[in-house]
Structure formats: C-alpha cells, structure tokens
Amino acid sequence: MSEDRVTITPLTDGPLEVKGAVRINASDGTDIREADSVYLCRCGASHKKPYCDGSHKKDGFISTVEA
Ligand code: FES
C-alpha cells in the first residue's frame, strides 16, 4: 500500500475522516487548504462547511452508512 494513499473513513454518526495529504479546493478551483488530515461534514449542519464543526452531535445526526 502506498504511503501517498488517502484514506476516507465515515465515522459512526459523524464526519468523513480523511487521512493523507489532501488539498481542498473552492468550487472555482482555488486552493483553500492543504492538510494531512481533515474531517468533512456529511450531516449538513456544519457552519464551517466543508469541514465538520461538531454540529452533528447537537443535531443528533445518525449515519446510515456504517463505518
Ligand atoms: S458531520 Fe460534523 S458537523 Fe456535520
């Protein structure tokens, strides 16, 4: 397995955990962040999309895809 591989794991009742060197782009292609790991919202409640801000806990998000 390559060390450069990015792994995406849906956390139970939480965000997508993205581990590996990633670049997040805006819709116009502009780089907005580079990181070795990020947590992406999949509940729709985050006030800092595309990132998880913990709002899934307050909103009682229940994932339908098991990790
Ligand atoms: S998954 Fe955490 S705020 Fe949406």
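Atoms within each ligand, like the ligands themselves, are counted from 1 in listed order. This structure is a prediction, so every number in the text was calculated from the model and none was measured. Just so you know, these numbers use all the heavy atoms, side chains as well, and skip hydrogens, waters and symmetry mates.
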> Just to verify, what does D53 make a side-chain hydrogen bond (donor to acceptor under 3.5 Å, both in side chains) with, not counting sequence neighbours?
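Per chain and number, D53 pairs via side-chain hydrogen bond (donor to acceptor under 3.5 Å, both in side chains) with S55.
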> Would you mind telling me which of P15, S46, C43 makes a side chain to side chain contact (heavy atoms under 4.5 Å, CB included) with C52?
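When side chain to side chain contact (heavy atoms under 4.5 Å, CB included) is applied between C52 and each of P15, S46, C43, only P15 qualifies.
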> What pairs with I32 under side-chain contact (heavy atoms from CB on, under 4.5 Å), at least two apart in sequence or on another chain?
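Testing I32 for side-chain contact (heavy atoms from CB on, under 4.5 Å), a comparison that skips the adjacent residues, returns I24, A26, Y51.
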> Look at atom NZ of K49 and say whether more than 12 heavy atoms of other residues, nucleotides or ligands are closer to it than 6.0 Å.
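Yes, enclosed.
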> Output all residues satisfying side-chain contact (heavy atoms from CB on, under 4.5 Å) with D36, sequence neighbours left out; order by chain, then residue number.
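Once residues adjacent in sequence are excluded, the partners of D36 under the side-chain contact (heavy atoms from CB on, under 4.5 Å) criterion are A21.
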> Of all heavy-atom pairs between A45 and C41, which one has the smallest distance, and what is that distance?
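Where A45 meets C41 most closely, the heavy atoms are N-SG, 3.9 Å.
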> Restricting to distances shorter than 2.8 Å, give the number of protein N, O or S atoms close to atom 2 (Fe) of ligand 1.
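Protein N, O or S neighbours of atom 2 (Fe) of ligand 1 under 2.8 Å, waters not counted, come to 2.
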